[in-house]
Amino acid sequence: MRFHMPGHKGKAHLGPEPWDITEIAGADELYHPTGIIRESEENASSLFGSARTVYSTEGSSLCIRAMVYLALLDAKAQGRKPIIFTGRNAHKTFLSACALLDADVRWLYPQNGDSLISCAIDGETLEKTLSETKGNPAAVYITTPDYLGNLVDVKALAAVCHRHGFPLLVDNAHGAYLKFLTQDMHPLTLGADLCCDSAHKTLPVLTGGAYLHISQNAPSVFTENADRAMALFASTSPSYLILQSLDACNAYLNCEYPERLTALIQKLDKLKSQLTSHGYSLIGDEPIKLTLAPKSYGYTGDELHGLLRRQTMECEFSDPDFLTCMFTPDSSDEEIQRLESALLSIPQKPAVPVHTPPLPRPERVLSIRDVMLSPSVEIPVAEADGKIFADAHVGCPPCIPIIAAGEIVNQDAIRCFRYYGIKICRVLP
């Protein structure tokens, strides 16, 4: 008899309520696990080859905050500054974490590339940046894969970080499946010290299910404080439906998943070949993402997405430049074939002549924390020139701010705002 929360008492008003429990006797405690949750996390840790894997029922967002906290904790113990070198395409959650924890962000920009979403940092660029910096930072933080399916050379970046004596943190939200490729490409395998995976993005897990992975070579402070780091930001009412989903996924990953993943990639390779031969331009390195750059075919990404929606197809992401579709082994042959037929049926037109504006590199005058804890106002983008940007919010996808809180809005930023359809922004008064 349920004389405890939740209020539905296990009665199936929607369907899953009988399995929706809370942290009662026998059900363990998520961020102080000693029983079934700990056993399940150890199973996941064995699958991913980590020193410790911690479950999140609040997505990679929770894991990102925990990673920043752990990096700063380690840095303070080692006498390093609370500075994190970060790829410019960081998720907005990273910025909010830095505001909460008062971390100082130093941006890493790609040498080439004009996409808001990608930041192709290589080992040589990172080495040069660090050699010009006085004192070692707390960590380097990168996002790979990005929304477009581009992969960063984690192995090279990890080697640079470790040579300088600090950890590499990876937002691998889109890449949980990379561990199970024929050639293991997971960031932990390639040298990352801390890594988050959104299990729900590419694995058969309910939305909100994610992992925080800690490398076997990472500083001991990470494993010793992992639960505390997660609990610092997490709800005290985790979803047991999501936890059961993460647990069930362990058995799936340990059995047929690698074979099904290989079969999917073979099908997608054929799809990509067909589209390329038909005139479409593709980008990205991810084997289970399809990213079109359709301007050369005569359409913006948003226009192409609109045409597919008319045929009841919803893609993961589109903007003026790109259209991204995500697949898993649960994508049926019929669905893949329908997408191929739909794209091939769209007539090619003259190339779209509009070019992506260059990404701004604005001046920073205040810290993210100072600005985000200050009163701010919304104004039209056209009136923002010279103002101090005061927001970290941006729509999902892709959740990547054009400029960061504390930076001065300039004309390059205004051009980008307009290009991506942003009409209002928040600034300091």
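Quick caveat: nothing in here was measured; it's all calculated off a predicted structure. Sequential numbering from 1 along the given sequence is applied to the chain's residues.
- A salt bridge is absent between K272 and D269; no separation between the charged side-chain nitrogens and carboxylate oxygens falls under 4.0 Å.
- Judged purely by atom type and a 3.5 angstrom limit, Q216 uses its side chain to pair as donor or acceptor with the backbone of G49.
- With hydrogens and angles disregarded, no donor-acceptor distance shorter than 3.5 Å links the side chain of N150 to the backbone of S118.
- A donor-acceptor contact shorter than 3.5 Å is absent between the side chain of S237 and the backbone of S235.
- Listed for the Q266 side chain is no donor-acceptor partner under 3.5 Å among the backbone atoms of L264.
- Between I121 and T129, the closest side-chain pair of non-hydrogen atoms is not below 4.5 Å.
- With no hydrogens or angles considered, no side-chain donor-acceptor pair links T202 and T328 at under 3.5 Å.
- The ring-ring contact (aromatic ring centres under 6.0 Å, His included) pairs that include a residue from residues 358-385 number zero, where partners must be two or more places apart or lie in different chains.
- Salt bridge absent: E334 and R338 never bring a charged side-chain N and a carboxylate O closer than 4.0 Å.
- Two residues are said to be in side-chain contact when any heavy atoms from C-beta on lie closer than 4.5 Å; D122 and D153 fail this criterion.
- Side-chain atoms of D302 and S318 form a donor-acceptor pair, as typed in the model, at a separation below 3.5 Å.
- You'll find the side chain of I83 stays beyond 4.5 Å of the side chain of F166, heavy atoms only.
- Between the side chains of D370 and S367, a donor-acceptor pair is found at a separation under 3.5 Å.
- For the atom pair CD1 of I424 and CD1 of I379, the computed distance is 8.5 Å after rounding to the nearest 0.5 Å.
- Judged purely by distance below 3.5 Å, without hydrogens or angles, the side chains of Y211 and N172 never pair a donor atom with an acceptor atom.
- Between the side chain of S277 and the main chain of S273, a donor-acceptor pair closer than 3.5 Å is present.
- Using modelled atom types, one finds no donor on one side chain facing an acceptor on the other under 3.5 Å when comparing S46 with N43.
- At least one side-chain heavy atom of E23 sits less than 4.5 Å from a side-chain heavy atom of L30.
- Neither side chain, H91 nor D171, offers a donor N or O lying under 3.5 Å from an acceptor on the other.
- Contact detail for K289 and E286: the closest heavy-atom pair is NZ-OE2, 2.9 Å.
- Side-chain polar atoms of E41 and S45 form no donor-acceptor pair below 3.5 angstrom.
- In this structure the side chain of L116 never reaches within 4.5 angstrom of the side chain of D319, judged on heavy atoms.
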**OP:** Could you please spell out the steps behind the side-chain contact (heavy atoms from CB on, under 4.5 Å) verdict for T125 and L108?
**Re:** CA-CA 9 Å; T125 302; L108 297 169; 6.0 Å; no
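- The backbone N or O of E335 lies less than 3.5 Å from a partner atom in the side chain of S332, making a donor-acceptor pair.
- Using a 4.5 Å heavy-atom threshold, the side chains of S40 and N250 count as touching.
- Rounded to the nearest 0.5 angstrom, L151 CG and M185 CE are separated by 5.0 Å.
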Subject >> Candidate pair R38 and E42, rule salt bridge (Lys or Arg N to Asp or Glu O under 4.0 Å), full reasoning >> reply: CA-CA 6 Å; R38 185 63 180 231; E42 287 173 352; 3.5 Å; yes
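- Within 6.0 Å of atom CD in Q348, more than 12 heavy atoms from other residues, nucleotides or ligands are found, so the atom counts as buried in its surroundings.
- At least one donor-acceptor pair under 3.5 Å links the side chain of D193 to the backbone N or O of L168.
- Atom OH of residue Y420 and atom CZ of residue R415 lie 13.5 Å apart, to the nearest 0.5 angstrom.
- Atoms CG and SG, from L343 and C325 in turn, are 7.0 Å apart once rounded to the nearest 0.5 Å.
- The shortest non-hydrogen separation linking W19 to Q244 is O-NE2, 2.7 Å.
- Atom NE2 of H32 sits in a sparse spot, with 12 or fewer heavy atoms from other residues, nucleotides or ligands closer than 6.0 Å.
- Remark: D104 engages R106 in a salt bridge, criterion side-chain N to carboxylate O under 4.0 Å.
- No donor-acceptor pair under 3.5 Å is formed between the side chain of Y69 and the backbone N or O of L232.
- A distance-only check finds a donor-acceptor pair linking the side chain of S60 to the backbone of S198 [under 3.5 Å].
- Listed here is the closest heavy atom pair of A176 and F48: O-CE2, 3.6 Å.
- Note on D330 versus R260: salt bridge recorded, some NZ/NE/NH1/NH2 to OD/OE distance being below 4.0 Å.
- Closest heavy-atom contact between E303 and Y299: OE1-CA, 3.5 Å.
- Here the side chains of D28 and L243 are not in contact, with every heavy-atom distance at 4.5 Å or above.
- One finds the OG1 atom of T291 at 12.0 Å from the CG atom of D321 (value rounded to the nearest 0.5 Å).
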**OP:** Kindly determine whether I64 and F233 satisfy side-chain contact (heavy atoms from CB on, under 4.5 Å), including the steps that lead there.
**Re:** CA-CA 10 Å; I64 289 169; F233 304 101; over 6 Å; no
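- R88 pairs by the side-chain hydrogen bond (donor to acceptor under 3.5 Å, both in side chains) definition with Y109, E407, not counting sequence neighbours.
- Relative ring orientation between Y297 and H278 is described as tilted, the plane-to-plane angle lying within the 30° to 60° band.
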**OP:** Could you give me the CA-CA distance, side-chain angles and deciding distance for T207 and I242, then say whether side-chain contact (heavy atoms from CB on, under 4.5 Å) is met?
**Re:** CA-CA 7 Å; T207 296; I242 297 174; over 6 Å; no
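- Nearest heavy atoms, V152 versus C119: CG2-O, 3.9 Å.
- The aromatic rings of F180 and Y257 stand perpendicular to each other, their planes meeting at an angle above 60°, with 30° marking the opposite boundary.
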**OP:** List the steps and the verdict of side-chain contact (heavy atoms from CB on, under 4.5 Å) for L100 and V68.
**Re:** CA-CA 10 Å; L100 290 169; V68 174; over 6 Å; no
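- Counting all heavy atoms, side chain and backbone alike, R52 lies closest to D227 at NH2-OD1, 3.0 Å.
- Side-chain atoms of K92 do not come within 3.5 Å of backbone N or O of P401 as any donor-acceptor pair.
- Here CZ of R364 is found 12.0 Å from CD1 of I408. Values are rounded to the nearest 0.5 Å.
- Annotation: side chain of D391 is not in contact with side chain of C425 (no heavy-atom distance under 4.5 Å).
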